[in-house]
Colleague: 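Next up is a structure, given as structure tokens.
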Amino acid sequence: MENIKLKIFSILIICFIVSCSDDTNEGFEFGENFDRNKMDTFFSTIEEQNLGMGSVAIFKNGQLDYQKSFGQADIENSISATSQTKYRVASITKTFTASIIMQMIEENSLTLSTTLDTYFPELPNSNLITIEHLLRHRSGLFNYTDTAYGTDIVTQPATKQQLIDLFIENGTVFEPNEQTLYSNTNYVVLGFIIENIDQKSYSDAMRDRITIPLGLTNTYNGGAINTSNNEALSYNPESNEWILATETNITLVNGTGSIVSNPEDLNTFLQELFVGNVVSNNSLEQMKADQPNSFGMGLISLPFYEKTGFGGTGLLDGFQSIFLYFPDDNVSISITLNGVSTSMSRNDIIVGALSIYSDLEYALP
């Protein structure tokens, strides 16, 4: 039996920090007469050299400025990716979950200092762990996806009680607020709290609070992958070929890695979040990370040279994703991938796309 870890976590983009030290690229602007043919060639090369598969969209001033899909959504059935292809976006889900929690705080349904024992007294340290600790990955709850599970486990559904029992069994790795350590357990629990307060499933809460109000027609809490509904399968690289990845059952990752979307919808969500149509400006400021490559409450901060973007990243099975909003420029970029090679990382792809979009010197792969 193959043992695999549930790969659902954010990867901070270290290369962005390295770029910041280069003062030769100061004063550039996003999207000012960028070379669209070079951008097209960049993604065509990625496809032709089997370096990746997926979709990208860039918004400027709230409007679509660039879109490209590359590779296939379903290799066996020769279904090419299009602008309408939807992908599991993995840990980008956390930004949606955090947004709903902040809405509930604004509605006085709970506070950042509400302790976990209000909802799940059976969880370890529940009388000490607060909502803010969960949001900021400071609860100390063991990250359940760090455990290697057999494929017979990750492909099967799990109930809320089964996951709660697992979290109790796993225990804690430090005392609340003692340190910061990424844990998917935090956001699964936050998803359960959303269900408890709204008295409906996480899927329905997402629909009623986020996707319908914002008109996100290609965004929803996922289920089994349905290629006839324009949903992509995911793949892992092997000897310059793509091998179908194990499909994690979505019930294992509700609230932390369960959302399906596409780049245009993700950009729309970011735009709406930052203009105050999802949460208040005060809540948004609390959500934002205050240090580069650090966790906020659902929003990480990542620099690109002197510019700072806010958003998130994700990894689940063969899917990888990233979305960023640069508030000073009113520019957002989202990339969803269903195949990433070992020779060109997700980080390489977004650095390349942003470099070309900024008309900076960049050598094509």
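All residue numbers refer to positions in the sequence shown, counting from 1. These numbers come from the heavy atoms of this one structure, side chains and all, not from hydrogens, waters or symmetry mates.
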Colleague: List the steps, then state whether side-chain hydrogen bond (donor to acceptor under 3.5 Å, both in side chains) holds for Ser55 with Lys68.
Modeller: CA-CA 6 Å; Ser55 296; Lys68 183 75 171 179; over 6 Å; no
Colleague: When rounded to the nearest 0.5 angstrom, what distance separates CG in Asp74 from OG1 in Thr227?
Modeller: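 Spacing of CG (Asp74) from OG1 (Thr227) equals 5.0 Å.
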Colleague: Do you know which two heavy atoms are closest between Lys200 and Asp208, and how far apart they sit?
Modeller: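 Looking at all heavy atoms of both residues, the closest pair is NZ-OD2, 2.7 Å.
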Colleague: Can you list the residues that meet the ring-ring contact (aromatic ring centres under 6.0 Å, His included) rule with Tyr202, with sequence neighbours excluded?
Modeller: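 ring-ring contact (aromatic ring centres under 6.0 Å, His included) list for Tyr202, sorted by chain: empty.
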Colleague: If we ignore angles and hydrogens, is there a donor and acceptor under 3.5 Å between the side chains of Asn249 and Thr251?
Modeller: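 Judged by distance alone, the side chains do pair up.
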Colleague: Applying ring-ring contact (aromatic ring centres under 6.0 Å, His included), can you list everything that pairs with Tyr220, at least two apart in sequence or on another chain?
Modeller: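 By the ring-ring contact (aromatic ring centres under 6.0 Å, His included) rule, Tyr220 matches no residue at all.
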Colleague: Side chains of Thr268 and Asp265: do they bring a donor and an acceptor to under 3.5 Å?
Modeller: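 No donor-acceptor contact under 3.5 Å links the two side chains.
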Colleague: Can a side-chain donor-acceptor contact be found between Thr115 and Asn127 if the only test is distance below 3.5 angstrom?
Modeller: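 Result is no, nothing qualifies.
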Colleague: Does Tyr235 form a side-chain hydrogen bond (donor to acceptor under 3.5 Å, both in side chains) with Asp317? I'd like the steps, not just the answer.
Modeller: CA-CA 8 Å; Tyr235 298 86; Asp317 304 328; over 6 Å; no
Colleague: Measure across Gly191 and Thr97 and return the closest heavy-atom pair with its distance rounded to 0.1 Å.
Modeller: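 Where Gly191 meets Thr97 most closely, the heavy atoms are N-CG2, 4.3 Å.
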Colleague: Within the 4.5 Å heavy-atom criterion, are Lys94 and Phe295 side-chain neighbours or not?
Modeller: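 The answer is no; the side chains never approach within 4.5 Å.
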Colleague: Is Gln161 atom CD crowded by more than 12 heavy atoms from other residues, nucleotides or ligands, each under 6.0 Å away?
Modeller: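 Atom CD in Gln161 is crowded, with more than 12 foreign heavy atoms closer than 6.0 Å.
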Colleague: Give me the atom names and distance for the closest heavy-atom approach of Ala205 to Ile194.
Modeller: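 It is CB-CG2, 3.7 Å.
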Colleague: Is Lys307 close enough and on-axis enough to Phe326, meaning under 6.0 Å and within 45°, for cation-pi?
Modeller: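 Output no; distance or angle outside limits.
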Colleague: Could you tell me whether the side chain of Ser126 and the main chain of Pro121 form a donor-acceptor pair under 3.5 Å?
Modeller: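 Yes, Ser126 side chain to Pro121 backbone: donor-acceptor pair under 3.5 Å.
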Colleague: Examine Phe28 together with Phe304 and report whether their ring centres are nearer than 6.0 Å.
Modeller: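 That pair passes the under 6.0 Å test.
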Colleague: Nearest 0.5 angstrom please: Ser345 OG to Ile350 CD1, how far?
Modeller: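 If I round to the nearest 0.5 Å, the distance is 10.5 Å.
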Colleague: Asp328 versus Thr308: any side-chain heavy-atom pair under 4.5 Å?
Modeller: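 Side chain of Asp328 against side chain of Thr308, heavy atoms only: no contact under 4.5 Å found.
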Colleague: May I ask you to test the Asn143-Leu181 pair for a side-chain heavy-atom distance under 4.5 Å?
Modeller: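 No, too far: nothing below the 4.5 Å cut-off.
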Colleague: Do you know which two heavy atoms are closest between Leu252 and Ala158, and how far apart they sit?
Modeller: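 Leu252 and Ala158 have their closest heavy atoms at CD2-CB, 3.5 Å.
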Colleague: Can you tell me how far OG1 of Thr185 sits from CG of Leu190, rounded to the nearest 0.5 angstrom?
Modeller: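 Atom-to-atom, Leu190:CG and Thr185:OG1 are 11.0 Å apart.
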Colleague: Between Asn221 and Met206 (side chain of the first, backbone of the second, donor and acceptor by atom type, cut-off under 3.5 Å), is there such a pair?
Modeller: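 Such a contact is absent between Asn221 side chain and Met206 backbone.
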Colleague: Could you give the distance from CG (Leu214) to CD (Glu272), rounded to the nearest 0.5 Å?
Modeller: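 Between Leu214 CG and Glu272 CD, I get 5.5 Å after rounding to 0.5 Å.
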Colleague: I'd like to know whether CG of Asn33 has more than 12 heavy-atom contacts from other residues, nucleotides or ligands below 6.0 angstrom.
Modeller: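 No, CG of Asn33 has 12 or fewer neighbouring heavy atoms, counting only those of other groups under 6.0 Å.
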Colleague: What verdict does the side chain to side chain contact (heavy atoms under 4.5 Å, CB included) test give for Leu273 and Val279, after you've listed the backbone C-alpha separation in whole Å, the side-chain angles of each residue and the deciding distance to 0.1 Å?
Modeller: CA-CA 7 Å; Leu273 178 62; Val279 298; 3.9 Å; yes
Colleague: Going by salt bridge (charged side-chain N to carboxylate O under 4.0 Å, His left out), name the residues that satisfy it together with Glu29, two or more places apart in sequence or in a different chain.
Modeller: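 Once residues adjacent in sequence are excluded, Glu29 has no partner under the salt bridge (charged side-chain N to carboxylate O under 4.0 Å, His left out) criterion.
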Colleague: Name the one of Asn262, Ile92, Leu266 that satisfies side-chain contact (heavy atoms from CB on, under 4.5 Å) with Thr336?
Modeller: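 With Thr336 as partner, side-chain contact (heavy atoms from CB on, under 4.5 Å) holds for just one option, Leu266.
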Colleague: Begin from the C-alpha positions of Thr256 and Thr93 and carry the test side chain to side chain contact (heavy atoms under 4.5 Å, CB included) through to its verdict.
Modeller: CA-CA 6 Å; Thr256 196; Thr93 300; 5.8 Å; no
Colleague: Side chain to side chain contact (heavy atoms under 4.5 Å, CB included) for Val253 and Arg88? Distances and angles first, verdict last.
Modeller: CA-CA 11 Å; Val253 294; Arg88 289 184 170 186; over 6 Å; no
Colleague: Is it the case that the side chains of Lys86 and Ser261 hold a donor-acceptor pair, with the cut-off being a distance below 3.5 Å and no angle test?
Modeller: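 No donor-acceptor contact under 3.5 Å links the two side chains.
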Colleague: Assess whether side-chain hydrogen bond (donor to acceptor under 3.5 Å, both in side chains) is satisfied between Ser113 and Thr111, documenting all intermediate values.
Modeller: CA-CA 5 Å; Ser113 60; Thr111 70; 3.1 Å; yes
Colleague: Would you give the length of the straight line joining atom CZ of Phe43 to atom CG of Leu51, rounded to the nearest 0.5 angstrom?
Modeller: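 Going from the CZ atom of Phe43 to the CG atom of Leu51 covers 12.0 Å.
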Colleague: Might you point out which heavy atoms bring Gly311 and Thr95 nearest each other, and give the distance in Å?
Modeller: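 Looking at all heavy atoms of both residues, the closest pair is O-OG1, 4.4 Å.
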Colleague: Is any NZ, NE, NH1 or NH2 atom of the basic residue among Asp359 and Lys38 found under 4.0 Å from an Asp or Glu carboxylate oxygen of the other?
Modeller: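 Lys38 and Asp359: not salt-bridged.
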Colleague: I want to check something: taking the side chain as every heavy atom from C-beta on, are Leu141 and Pro124 in contact at a cut-off of under 4.5 Å?
Modeller: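 In contact.
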Colleague: So, for Pro176 and Asn125, which heavy atoms are closest and what is the spacing to 0.1 Å?
Modeller: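 Heavy atoms of Pro176 and Asn125 come nearest at CD-ND2, 3.5 Å.
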Colleague: If we only count heavy atoms from C-beta on, is the Tyr187 to Leu135 side-chain gap below 4.5 Å?
Modeller: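 They are in contact (side-chain heavy atoms under 4.5 Å apart), so the answer is yes.
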Colleague: Which salt bridge (Lys or Arg N to Asp or Glu O under 4.0 Å) pairs, counting each pair once, include a residue from residues 171-198, with sequence neighbours left out?
Modeller: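 Found Lys160-Glu195, Asp198-Arg209.
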Colleague: Apply salt bridge (charged side-chain N to carboxylate O under 4.0 Å, His left out) to Glu47 and list each qualifying residue two or more places apart in sequence or on a separate chain.
Modeller: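 Residues passing salt bridge (charged side-chain N to carboxylate O under 4.0 Å, His left out) with Glu47: none at all.
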Colleague: Mark yes when over 12 heavy atoms from residues, nucleotides or ligands other than Glu241 sit less than 6.0 Å from its CD; otherwise mark no.
Modeller: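 Not more than 12 within 6.0 Å, no.
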Colleague: State, yes or no, whether a side-chain contact exists between Leu316 and Ser258 at a heavy-atom distance under 4.5 Å.
Modeller: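 A side-chain contact is absent here, since even the closest heavy-atom pair is not under 4.5 Å.
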Colleague: Does any pair with a residue in residues 74-133 pass ring-ring contact (aromatic ring centres under 6.0 Å, His included), and if so which ones, sequence neighbours excluded?
Modeller: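 Sorted result for residues 74-133: Phe96-Phe269.
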Colleague: Measuring from atom OG1 of Thr85 to atom CD1 of Ile79, what distance do you get when rounded to the nearest 0.5 angstrom?
Modeller: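 The CD1 atom of Ile79 is 9.0 Å from OG1 of Thr85, to the nearest 0.5 Å.
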Colleague: Do other residues, nucleotides or ligands put more than 12 heavy atoms under 6.0 Å from Glu32 CD?
Modeller: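 Enclosed: over 12 neighbouring heavy atoms sit under 6.0 Å from CD of Glu32.
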Colleague: Yes or no on side chain to side chain contact (heavy atoms under 4.5 Å, CB included) for Thr114 and Ile105, after CA distance, side-chain angles and deciding distance?
Modeller: CA-CA 10 Å; Thr114 298; Ile105 290 172; over 6 Å; no
Colleague: Taking the inter-plane angle between the rings of His137 and Tyr182 on a 0 to 90° scale, is it parallel (under 30°), tilted (30 to 60°) or perpendicular (over 60°)?
Modeller: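 Rings of His137 and Tyr182: parallel, under 30°.
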Colleague: Can you check side-chain hydrogen bond (donor to acceptor under 3.5 Å, both in side chains) on Ser280 and Asn282, steps first, answer last?
Modeller: CA-CA 5 Å; Ser280 68; Asn282 180 60; 5.0 Å; no
